[in-house]
Amino acid sequence: MQRDYRDTLNLPKTAFPMKADLPKREPDRVAWWEAQRTYQRRLERNKQNGAWILHDGPPYANGHLHMGHFLNMVLKDMFVKIALLDGKWAEFIPGWDMHGLPIEFETLKHLKIKDFHAIDPIELRNKCKERALHWLDEQRSTRMRMGNFGEWQHPYRTIDPEFEATIVEALADLAQAGQIYKGLRSTLWCVHDETALAEAEIEYEQKVSPSIFVRFSADAQQRDEILRAMGVSAEHVPQKVSVIIWTTTPWTLPANVAIAFKPDAQYALYAHGDEAFIVAEELAPQTLGEHFGQFRKLGTVKGEALEGLSVRHPFMDRNSELVIADYVDLETGTGAVHTAPGHGADDFQTGLRYNLPILNPVDARGVFTAEAGPYAGMHIWKANPKIVEDLRESGALWNAFEYTHSYPHCWRCHNPVIFRATAQWFIAMDQNRLRARTIENLQDVTFTPDWGKNRMTQMLENHPEWCISRQRTWGTPIPAVICSACTESVLDPAVARIAAKHFREHGADTWWRDPVETFLPHGFTCPNCGGKAFEKEKNIVDIWFESGVTHLAVLGKNGIPWPSDVVLEGGDQYRGWFRSSVVTATAIKGSAPYKQIVKNGWVNDEHGRPMSKSLGTGIDAKDAMQKWGADVLRLWSASVEFVDDVRFGPNVVDQVSRVYRNIRNRVRFMLSNVDDLGRADVVPYAQMQWFDKLACDVTDDWVARVHGHLKAFRLHDAYLEIIRFEGDDLSSFYLDALKDRLYSSAAHSARRRSAQSAILHILTQFLTVTAPLLSFTAEEAWQSLPEALRGDRASVFDLTFAGSKHPNAASAQAWEKLKELRSWVAASEGRRDYELQAKLGLPQSWYDRFAPHLDDVREAMVVSALSLRANPSLEEPAVERELLAADGGKCKRCWKYLPLGADPRHPELCAPCAEIVG
RNA sequence: GGGCCACUAGCUCAGUUGGUUAGAGCAUCGCCUUGAUAAGGCGGGGGUCCGCGGUUCGAGUCCGUGGUGGCCCA
């Protein structure tokens, strides 16, 4: 009669399920953290330990969050939690960017309103606010669903009266410092709706335009200079020398002040009959037309050689300068580009570069002003044919066609739009050395990756003047006033400060609602003419300016220091928020608003292509969490090198899911072996078995290493270190070797309690280290631990990283030696593990260390018997190893090979098992 | 077109200042275990280190050049 001794063993037992069921379980955990106020309570405990602040760059509140958001937001959360578990007051105030055109746009579409002039500004602002709040709620719940900690009930919002006041105070500070001015800028303009348009309000449609080639001829002196520059002798050249330009917008010719050439292209002088022409060599055949063969080429020159020369305007009494510009191409036209800085974005930049007059002879309705000379009073579209006709009569017209092309139209009225220089507010980047000081301030900032500093420096160097005004409704008003007498526009610090006060108390609507006098200081007069009557200007501030002052709205108050310790955003923010923040901070506070910039990469699809909603490759963060669970995705975030661009897709998630399952199972195994451990059973370190002490020492070293990675934001290094440890040290070595002691020792024996206590220590440390990454699973495991073992640490986020200790070099060395010996046993073929006994000859030093712990070494090697002898002739690391069949028989209970039957009641058991069974 | 970045096994990544047969995890294949079992252990296969040229006794690593992809601009 054989007896089954299985029920006398202490087999693993736990309520922690093997199957994660993350999508189902995680939402409850989010609710639990909220109800327990886990984050807030830990913050309160940490308060006296000093602040560590990650300042949240505000996402835009106009849609669902995608995986790019997920990566960025979860990384932020991990950093915050790392600091939190380090004992820091890691207050995280999430924020949202809630003003701006995309929301206004979406709201207008939502309301089916095509012209924003057609709705009362206050009403439109209310509707926009509703939409923005709707998206804020949506995004907030998604961010919470990720398991992220933060002050979700008290976020910062750019639409809050307090925030709007901060924006306007920043404007006041800048105005006071002489940092703001009003200047011209090329704007897209609809002459039908009489309004400036944003890029997003443009639709491209086919349009038939006049396509004309126009002579710009040189006078005698100009001719000489041109021929000299081209190295052509004047005698064989006809008297009349012209540059031929091409345009499809004849109405912009009155504003022409220059002709742009491509610097490295070849231009040639062609003569035919009594005149000569300069055009790009490559475009000459099509420009000069069917008789091209009859033209004589008199010389060629690179475009850059023509810079600084000039020709006469065909009908205005002035010169047109010859300039060079990189954007000139040789696809169409003549290679000589008509340049009217008041009527084109490129032209405008060229105008600034050459300090050319920015002529703007067209009013808001599209009617020429007196500046347009002979065409004053005409509408531009009506003037087009008239100008062509006049050119033909004067002989300036070389050729004319009709031309069908794609041209920008107003999305509302579908009329063609124009470029028009308009007066806008700017931040002067070079006033008070702002640009230079901003770049200097970057020197104090730590960049991850470090090349970010270069990149940002370059961007600041090339930063055009920052235009901060927009002609829209959904935003914070720029509190400028216009003098009724002289039409001067004034942005006065005192007016702005009064406005800020009103905004703080009543919200920014007051600017649209209340009379101008509300905002004027007593006795305010126009600095230009002394006038006393004013109107409010109806411009709002660029949303990049709003997000650029979040550091003023959030930091430096409520115990939060200014500057922040770190900001973390995608690489596009070098040009965006990182830049706008440091510019305003430099201008207003004199230094950078952050100590460190960490950049995360772009999330592309599995083939490395950008995700796109329209291609159907975009993945919504909420959907992904519903499908795979937040924790698997959090692990994915740590598994990729987040600083670089990363790939995401089902196959990538599958892979990381398997890693997740491994981790989960090993945590489960540890939990299942401490299930019967009571608080009073826990063995202090000093009384543990030697092997268990080694395991604790090695774990502490590991925690210190991972902690180092985490603090330095090297999440991927931490990920690799975690996986290596739980696989290599725990699962395949320590925990595997411990099974015999855990299962077959007497439940209450000191040896078993020692092993359990070591596991408790390791598990606690493991959960501490993984909690910032696998927040849900770490918390779930912590809650599955017997309550007595949790003590007063109600949440896994009440744990703290083990204090820094010196590495346990001796323990680590012994540990590695044991692992090596165990690997040797494990790899044996045929007989294995307990079927074996080992005989080792060790160098004296190893013998001295191992001999006192003979049974622990035997246990680590997972053999039934071990004998050691010292061999002084061996040099470290040599070991004489011999594996033999174990003596004795297989104990029915513990499976080790030992002498059996000492107890006649249990003939199939070894002596220790027989005693336990009794 | 310009600036910046990336490119190492099927996938995610290591490879210190150039120095043996380029490593790990996951996947894959085979074996063992059946007292972590929708688990656990052991072992194997798999790479023109994006291409080309150069420096060097020696290059995944340094230099040049081309390609592919990404971000920001034009």
Side-chain angles (χ1 to χ4, degrees), chain A residues 4-14 16-20 68 262 264 325-329 345-346 349 449 451-459 461-464 570-576 579 599-611 635-636 638-641 643-673 716-717 719-724 726-728 730-733 735-740 742-744 822-833 835 862 893-895:
Chain A
D4 178 11
Y5 289 98
R6 199 170 185 275
D7 59 357
T8 68
L9 296 168
N10 317 297
L11 293 180
K13 177 171 156 290
T14 178
F16 185 80
M18 184 176 280
K19 189 170 181 334
K262 187 176 175 64
D264 55 349
D326 290 329
Y327 55 79
V328 175
D329 69 50
D346 284 340
Q349 290 304 323
W451 52 259
K453 183 184 281 186
N454 265 333
R455 178 129 199 236
M456 229 177 122
T457 301
Q458 285 178 14
M459 284 175 168
E461 281 166 352
N462 301 324
H463 192 329
D572 53 336
Q573 300 305 331
Y574 284 129
R575 175 166 282 270
R579 182 174 71 170
K599 161 254 185 186
N600 65 263
W602 220 248
V603 178
N604 293 324
D605 70 14
E606 293 192 316
H607 309 291
R609 303 285 172 165
M611 294 211 192
L635 190 62
W636 163 77
S639 78
V640 294
E641 189 44 85
V643 172
D644 301 325
D645 291 350
V646 302
R647 296 180 184 204
F648 181 84
N651 292 318
V652 176
V653 180
D654 269 2
Q655 185 193 194
V656 84
S657 297
R658 286 186 279 262
V659 175
Y660 173 84
R661 280 210 303 269
N662 281 351
I663 294 175
R664 185 177 179 91
N665 267 312
R666 280 138 200 195
V667 165
R668 178 170 181 267
F669 185 63
M670 287 191 271
L671 282 169
S672 69
N673 278 296
H716 182 73
D717 289 345
Y719 169 84
L720 291 178
E721 190 63 50
I722 288 167
I723 290 175
R724 194 207 55 73
E726 58 95 16
D728 202 38
L730 296 183
S731 186
S732 68
F733 178 53
L735 296 175
D736 198 42
L738 232 44
K739 283 191 233 170
D740 174 54
L742 290 165
Y743 299 172
S744 63
R822 165 57 189 152
S823 292
W824 166 60
V825 173
S828 80
E829 295 192 22
R831 289 196 189 84
R832 24 193 318 111
D833 295 352
E835 293 168 5
V862 197
R893 182 167 175 277
C894 73
W895 294 352

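Protein chains get the first letters and strands the later ones, always in sequence-line order, with residue 1 at the start of each. Small disclaimer: the values here were computed from a predicted structure and weren't measured.
Salt-bridge check for A:Asp572 with A:Lys599: failed, with every basic side-chain N at 4.0 Å or more from each acidic carboxylate O. A salt bridge does not link A:Glu835 with A:Arg832: every distance from a Lys NZ or Arg NE/NH1/NH2 to an Asp or Glu carboxylate oxygen is 4.0 Å or more.
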Self-check item: Bracket string, RNA chain B, 5' to 3' - pairs by Watson-Crick or G-U geometry under 3.5 Å, | interstrand
Solution: (((((((..((((.....[...)))).(((((.......))))).....(((((..]....)))))))))))).
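Nucleotides B:A27 and B:C13 place their C1' atoms 15 Å apart, quoted to the nearest Å. A distance of about 36 Å separates the C1' atoms of B:G25 and B:G64, rounded to the whole Å. Rounded to a whole angstrom, the distance from the P atom of B:U34 to that of B:C29 is 23 Å. Distance noted for atom C1' between B:A6 and B:G60: 15 Å (whole Å). The separation of B:C63 from B:C26, taken at their C1' atoms, amounts to 37 Å, rounded to a whole angstrom. One P atom belongs to B:A59, the other to B:C50, and the distance between them is 15 Å to the nearest Å. Annotation: B:G18 and B:C57 have their C1' atoms spaced 12 Å apart (nearest Å). A gap of 15 Å separates the C1' atoms of B:C52 and B:U68, to the nearest Å.
Among the protein residues, A:Arg668 comes within range of the sugar-phosphate backbone only, with heavy atoms under 4.0 Å from sugar or phosphate atoms but none that close to a base. Within 4.0 Å (heavy atoms only), A:Ser744 reaches no atom of the nucleic acid at all. Within the 4.0 angstrom heavy-atom criterion, no nucleotide atom of any strand lies near A:Ser672. Using a 4.0 Å heavy-atom cutoff across all strands shown, A:Leu720 reaches sugar-phosphate atoms only and no base atom. Within the 4.0 angstrom heavy-atom criterion, no nucleotide atom of any strand lies near A:Asp728. Counting any heavy atom pair closer than 4.0 Å across all strands shown, A:Asp572 reaches sugar-phosphate atoms only and no base atom. Residue contacts shown for A:Arg579 are absent, as no nucleic acid heavy atom lies under 4.0 Å away.
Of the candidates B:G70, B:A6, B:C13, the closest approach to any side-chain atom of A:Trp602 belongs to B:G70. Checking B:A38, B:C71, B:C11 against the side-chain heavy atoms of A:Gln655 singles out B:C11 as nearest. Closest to the side chain of A:Met18, from the set B:G35, B:U37, B:G69, is B:U37. Distances were taken from every side-chain heavy atom of A:Trp895 (C-beta onward) to each of B:C26, B:A36, B:G35; the shortest belongs to B:G35. For A:Asp645, counting side-chain heavy atoms from C-beta on, the closest listed nucleotide (B:G70, B:G35, B:C13) is B:G70. Closest to the side chain of A:Met459, out of B:G25, B:C4, B:C72, is B:C72. Distance from the side chain of A:Val640 is smallest to B:U12 among B:G40, B:U68, B:U12. For A:Asn662, taking side-chain heavy atoms from C-beta onward, the closest of the listed nucleotides B:G40, B:C72, B:G70 is B:G40. Side-chain proximity of A:Arg822 to the nucleotides B:C4, B:G41, B:C11 is greatest for B:G41. Counting only heavy atoms from C-beta on, A:Gln458 has its side chain closest to B:C4 among B:G43, B:C4, B:C72.
Listed here is the closest heavy atom pair of A:Pro449 and A:Val643: CD-CG1, 3.4 Å. When all heavy atoms of A:Val656 and A:Tyr719 are compared, the closest pair comes out as CG2-OH, 4.1 Å.
Distance CD (A:Glu461) to P (B:C4): 12 Å, rounded to an integer number of Å. Put simply, NZ on A:Lys13 is 19 Å from C1' on B:A39, counting in whole angstrom units. Distance, A:Ile722 CD1 to B:C13 P: 16 Å, rounded to whole Å. Taking atom CG of A:Leu730 as the reference point, atom P of B:G25 lies 15 Å away to the nearest angstrom. Following rounding to the nearest Å, A:Phe669 (CZ) and B:U34 (C1') show an atom-to-atom distance of 14 Å. Straight-line distance from the NE2 atom of A:His463 to the C1' atom of B:A74: 16 Å, rounded to whole Å. The distance between atom CE of A:Met456 and atom P of B:C71, rounded to the nearest whole Å, is 20 Å. Rounded to whole angstrom, the span from the CG atom of A:Asp605 across to the P atom of B:U68 amounts to 18 Å.
In this model, no side-chain donor or acceptor of A:Arg661 finds a partner on the base of B:C26 within 3.5 Å.
A:Tyr574 and A:Trp451 have tilted rings, their planes meeting at an angle from 30° to 60° on a 0 to 90° scale.
Taking CZ of A:Arg579 as the reference point, atom NE2 of A:His463 lies at 3.5 Å (rounded to 0.5 Å). Interatomic distance, A:Asn462 CG to A:Thr457 OG1, rounded to the nearest 0.5 Å: 11.0 Å. To the nearest 0.5 Å, atom CZ of residue A:Arg609 and atom CZ of residue A:Arg647 are 9.5 Å apart. Between atom CZ of residue A:Arg668 and atom CG of residue A:Asn673 there is a gap of 10.5 Å, rounded to the nearest 0.5 Å. Considering CZ of A:Arg455 and CZ of A:Arg575, their distance stands at 8.5 Å, rounded to 0.5 Å.
The nearest heavy atom of RNA chain B to A:Asp740 and to A:Ser732 marks one nucleotide each, and the one closer to the 5' end goes with A:Asp740. Each of A:Pro12 and A:Lys599 was assigned the nucleotide of RNA chain B with the nearest heavy atom; the assignment lying further toward the 5' end belongs to A:Lys599.
Between A:Tyr743 and B:A36, a side-chain N or O to OP1/OP2 separation shorter than 4.0 Å is present. Considering only side-chain N and O atoms, A:Lys739 lies nowhere under 4.0 angstrom from the phosphate OP1 or OP2 of B:G40. Under 4.0 angstrom from either OP1 or OP2 of B:A38 there lies no side-chain N or O belonging to A:Arg664. At the phosphate of B:A74, neither OP1 nor OP2 sits under 4.0 Å from any side-chain N or O atom of A:Arg575. At B:G35, one or more side-chain N or O atoms of A:Arg6 fall inside 4.0 Å of OP1 or OP2 (strictly under the cut-off). Residue A:Arg609 places at least one side-chain N or O closer than 4.0 Å to OP1 or OP2 of B:G69.
In this structure, A:Arg893 fails the cation-pi test against A:Tyr743, since its NZ or CZ atom is not both closer than 6.0 Å to the six-membered ring centre and inside 45 degrees of the ring normal.
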